[in-house]
Amino acid sequence: MNKFFPIAILVLLASACQSGNTSNETEEKVIEMEQNVTEKAMLRHVVLLSFKEDSSQEDIKKVEDAFIALKDKIPQIRDFEWGTNNSPEGLNKGLTHCFLVSFESEEDREIYLPHPDHKAFVEVLSPHMKDVTVVDYWAK
């Protein structure tokens, strides 16, 4: 649930009291807000990568660019972000890059995984990938 949802409920209730809305009207608005928050839940596809020692910075940049390009090639991708590890904890187990791909549904992910552009990306990645971890979850 969105962290601002409780605040939105309070604002809605306060405005309902001032405007003279009935409790049924206010309850309907609260239910509608809850449904909107629930409907916006996103399926996150987290890809953590490390690269082979003999992969050059140019090779790594080519992989990064190919992954980034997927957001414009595959319409099922609703959001995309990425970055490189900078954690001071030293718990990354050698994984250096994180890519976060968001989908609205499991069906969208099912289209993405075998998509020709995703497969083409994997072909660019494969010669340079040392290790990968993938975790998918529904954002709460």
Side-chain angles (χ1 to χ4, degrees):
M1 181 175 292
N2 185 312
K3 65 182 178 180
F4 297 109
F5 186 72
I7 295 168
I9 295 295
L10 289 174
V11 170
L12 179 63
L13 290 172
S15 69
C17 290
Q18 290 179 348
S19 67
N21 284 354
T22 67
S23 62
N24 284 345
E25 290 174 292
T26 302
E27 186 175 335
E28 288 171 10
K29 287 182 181 179
V30 169
I31 290 170
E32 183 180 334
M33 287 178 68
E34 286 175 339
Q35 288 171 339
N36 287 340
V37 169
T38 303
E39 289 170 8
K40 294 195 189 316
M42 298 293 268
L43 178 60
R44 308 289 193 207
H45 177 69
V46 181
V47 180
L48 303 168
L49 295 172
S50 64
F51 292 92
K52 294 178 180 176
E53 288 77 17
D54 62 348
S55 293
S56 69
Q57 287 303 312
E58 293 80 24
D59 293 331
I60 293 170
K61 175 85 167 105
K62 192 182 299 185
V63 170
E64 292 169 350
D65 291 345
F67 209 152
I68 292 164
L70 292 180
K71 71 180 186 289
D72 295 323
K73 294 179 178 181
I74 303 176
Q76 288 74 23
I77 296 174
R78 293 295 175 251
D79 197 18
F80 179 89
E81 63 184 65
W82 76 282
T84 56
N85 180 55
N86 72 352
S87 173
E89 296 176 292
L91 301 174
N92 59 309
K93 297 182 180 179
L95 299 165
T96 59
H97 287 64
C98 179
F99 296 88
L100 179 63
V101 184
S102 298
F103 303 99
E104 289 182 355
S105 68
E106 292 182 16
E107 292 78 16
D108 285 351
R109 179 184 56 194
E110 289 171 16
I111 293 168
Y112 164 82
L113 290 172
H115 193 283
D117 288 313
H118 180 254
K119 287 185 173 194
F121 159 71
V122 171
E123 291 298 317
V124 172
L125 168 65
S126 293
H128 305 291
M129 182 178 68
K130 178 179 178 182
D131 196 9
V132 64
T133 297
V134 177
V135 175
D136 291 2
Y137 66 94
W138 280 99
K140 297 187 190 265

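Position 1 is the first residue of the sequence, and the numbers go up from there. Here the structure is a predicted model, which means the values were calculated and not measured.
- M42 and I77 fall into different hydrophobic clusters, defined by Ile, Leu, Val, Met, Phe, Trp and Tyr side-chain heavy atoms under 4.5 Å apart, directly or through other members.
- Between K130 and E53 there is a side-chain heavy-atom pair separated by less than 4.5 Å.
- Classification of the H97-F99 ring pair by plane angle, with boundaries at 30° and 60°, yields parallel.
- Counting heavy atoms from C-beta outward, V63 and V124 have side chains that approach closer than 4.5 Å.
- Between the CD atom of E64 and the CD atom of Q57 there is a distance of 8.0 Å, given to the nearest 0.5 Å.
- By the 4.5 Å heavy-atom criterion applied to side chains, I60 and H128 are not counted as neighbours.
- Closest approach of L95 to N85, counting heavy atoms only: O-CB, 3.9 Å.
- Within a 6.0 Å sphere centred on NZ of K71, heavy atoms belonging to other residues, nucleotides or ligands number more than 12.
- One distance of note links CD of E123 with CG of L125; it measures 9.5 Å at 0.5 Å rounding.
- Between atom NZ of residue K61 and atom CD1 of residue I68 there is a gap of 6.0 Å, rounded to the nearest 0.5 Å.
- Hydrophobic clustering, with ILVMFWY side chains joined whenever heavy atoms are under 4.5 angstrom apart, groups W82 together with V122.
- Y112 has its ring centre less than 6.0 Å from the ring centre of H45.
- With rounding to the nearest 0.5 angstrom, the CZ atom of R78 is 5.5 Å from the CG atom of D108.
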Could you walk me through whether D136 and F103 pass the side-chain contact (heavy atoms from CB on, under 4.5 Å) test, one step at a time? CA-CA 10 Å; D136 291 2; F103 303 99; over 6 Å; no
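- Atom CD of residue E104 and atom CG of residue D79 lie 10.5 Å apart, to the nearest 0.5 angstrom.
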